[in-house]
Protein chains: 2
Amino acid sequence: MNESKRLKRSLLERLVRYCHFMQDKVLDEEITTVSSAQVAAYAELDESQVRKDLAAIGVRGTPRVGYRAADVVSTIRDRLGFDESYKAVLVGAGRLGGAIISYPGFAKYGLHIVAIVDSDPRKTGSMISGLVVQPMHRLGQIVRREQIELGILTVPRASAQVTADRLIDLEIKALWNFAPIWISVPDDVHVRNEHLSVGLADLAYHLSG
Amino acid sequence: MNESKRLKRSLLERLVRYCHFMQDKVLDEEITTVSSAQVAAYAELDESQVRKDLAAIGVRGTPRVGYRAADVVSTIRDRLGFDESYKAVLVGAGRLGGAIISYPGFAKYGLHIVAIVDSDPRKTGSMISGLVVQPMHRLGQIVRREQIELGILTVPRASAQVTADRLIDLEIKALWNFAPIWISVPDDVHVRNEHLSVGLADLAYHLSG
DNA sequence: TAGATTGTTAATCGATTAACAATC
DNA sequence: TAGATTGTTAATCGATTAACAATC
């Protein structure tokens, strides 16, 4: 396959699951190889799908043996960019910001939150996870000096788009938005909206059915 | 169409977006009708897709005029079950639990968190959003007495599956899991895993590209 | 060797897009 | 009426599944 081809979002999600499966169930139990059937059973997919996905990112298996779990993990990590390093600024030091920043898995994916910013003067100066909350007017300085590529938005809904626009103006490369709104961005900026209302709709729908 | 047909997850996501568009951009500005082209432009979809989606849930438009925004909203709300009422228990009164419970939009989707439970004796008895944090051993009582249908898991990763199993045993109908693990459930329980690592992977991938 | 499992091509299925007649 | 927009069918596209030869 063409090495530079963009991975589809659904493939990306499956790869993340494969990776978790390998790490949780396989490597811990001193199993070194897995068959596509085992992975498929775990991820509730067709085994052809698994073989195709692994082939697509360049993992090679051995007939009659399966895939080396360590190969799968390292190839996925490589293809998804987990072994590189990215700097992020978190904007919005509220409850949600605090919860996000305390998520233990960031570094494993190459992400490093190097600064926290908040517009509320009562919050600036306080410490969260070893970082001093900076005032909003320092955002530009921080982004430029630290060469920050990612902005994490945990601001209220009303300020999400303006904050995003400001970060875009500072030439941020990607945004991770937790405010309940779909942020709009130019084509060269990547945005991921984590919109709780989609989950809420999913649950309400299934509970009402 | 068959009224009882299950809606696909992707359709569900599009419907949520249509609903937000109607509420935010349209109703606020005293516009009463929208064309499929307008919705499509906002949601970055093909306009045929929009017409097909709206037809699928039974919204009828008027040629040369478009769709009544209020119709779209009320039909989506009805089909997705937002106008019914569901009780939920939140398990895990940590930072994430606090952030989730303070989300302002729950009631709009019919969801009501009626109890909070935590296994840490230092947390039980404290108040969060007007609710007293209950000890874990009351979980069964609470679920039965309040006839709770949904469990929201904001516990640490290590206790997520056991907590889920306990809620399943209490005949909960659905689980909303925020712990970084894919919860496994029997076929008759609905689970939605909000797994931050998928977002992390998506961002790492795009930043590395 | 025999048999299990990969890698890959072909077949199927479903979702998206295009087209256009119906219609207000 | 003329023309814009729906509703729906047909065409296209892509993703999933099936099948099986290659192979360890």
Side-chain angles (χ1 to χ4, degrees), chain A residues 1-3 5-18 21-22 25-26 31-76 79 198 202, chain B residues 1-3 5-18 21-22 25-26 31-76 79 198 202:
Chain A
M1 75 172 263
N2 174 359
E3 201 61 25
K5 187 159 63 186
R6 290 269 101 179
L7 268 42
K8 283 276 158 53
R9 199 181 132 161
S10 49
L11 170 54
L12 220 130
E13 282 180 29
R14 292 196 300 270
L15 294 177
V16 173
R17 288 210 67 178
Y18 301 163
F21 174 62
M22 299 298 159
K25 311 278 171 174
V26 181
I31 296 162
T32 55
T33 60
V34 276
S35 69
S36 54
Q38 289 174 294
V39 182
Y42 168 78
E44 296 179 337
L45 294 168
D46 191 275
E47 44 180 289
S48 295
Q49 181 77 270
V50 175
R51 289 202 291 276
K52 206 158 233 189
D53 289 346
L54 294 180
I57 58 168
V59 183
R60 313 292 302 187
T62 315
R64 236 180 99 66
V65 176
Y67 300 88
R68 291 212 328 123
D71 278 358
V72 176
V73 172
S74 67
T75 307
I76 293 176
R79 287 301 308 266
V198 176
D202 179 46
Chain B
M1 78 170 264
N2 174 1
E3 200 61 24
K5 187 160 65 187
R6 290 269 98 179
L7 268 44
K8 283 274 158 54
R9 197 180 134 163
S10 50
L11 169 54
L12 220 131
E13 281 181 31
R14 293 196 299 271
L15 293 178
V16 173
R17 287 209 69 179
Y18 302 162
F21 174 62
M22 299 297 159
K25 311 279 169 175
V26 181
I31 296 163
T32 55
T33 61
V34 277
S35 69
S36 54
Q38 288 174 296
V39 182
Y42 168 79
E44 296 178 338
L45 294 168
D46 191 275
E47 43 180 288
S48 294
Q49 181 78 270
V50 175
R51 291 203 289 277
K52 207 157 232 191
D53 289 346
L54 294 181
I57 57 166
V59 182
R60 314 291 303 186
T62 315
R64 235 178 100 66
V65 177
Y67 299 87
R68 290 211 329 122
D71 279 358
V72 176
V73 172
S74 67
T75 306
I76 293 176
R79 285 302 309 265
V198 176
D202 179 47

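As the structure is a computational prediction, the values presented were derived from the model and not from experiment. In the text below, chain A, chain B and the rest are named by the order of the sequence lines, each starting its count at 1.
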Test applied, side-chain contact (heavy atoms from CB on, under 4.5 Å); reference residue, Y67(A); option that passes from V59(A), T33(A), T32(A): V59(A)

Spacing of E44(A) atom CD relative to dT16(D) atom C1', expressed in whole Å: 16 Å

Intermediate values then yes/no, side-chain contact (heavy atoms from CB on, under 4.5 Å), L15(B) and R79(B): CA-CA 10 Å; L15(B) 293 178; R79(B) 285 302 309 265; 5.8 Å; no

Separation of atom CZ in R68(B) from atom P in dT5(D), rounded to whole Å: 18 Å

Sugar-phosphate, base or nothing in reach of S36(A), heavy atoms under 4.0 Å: sugar-phosphate

Spacing of Y67(A) atom OH relative to dA4(C) atom C1', expressed in whole Å: 13 Å

Base versus backbone protein contacts along nucleotides 17-24 of chain D [heavy-atom cut-off under 4.0 Å; B, S, -]: BBB---BB

Interatomic distance, D53(A) CG vs dT8(C) C1' [rounded to whole Å]: 14 Å

dA21(C): pairing nucleotide in any strand, Watson-Crick or G-U under 3.5 angstrom: dT6(D)

Gap between atoms CG and P, on L11(A) and dG14(D) respectively (whole Å): 16 Å

Whole-Å distance separating the NZ atom of K8(B) from the P atom of dG14(C): 7 Å

Side chains of F21(B) and V72(B) in contact at under 4.5 Å (non-hydrogen atoms): no

Worked verdict on V39(B) versus M22(B) for side-chain contact (heavy atoms from CB on, under 4.5 Å): CA-CA 8 Å; V39(B) 182; M22(B) 299 297 159; 3.6 Å; yes

Carboxylate-amine/guanidinium contact E13(A) R17(A), below 4.0 Å: no

Length of the CD-P vector between E47(A) and dT5(C), whole Å: 9 Å

Side chains of L54(A) and Y18(A) in contact at under 4.5 Å (non-hydrogen atoms): yes

Nearest-Å distance for atom pair CD1/C1', residues I57(A) and dT8(C): 17 Å

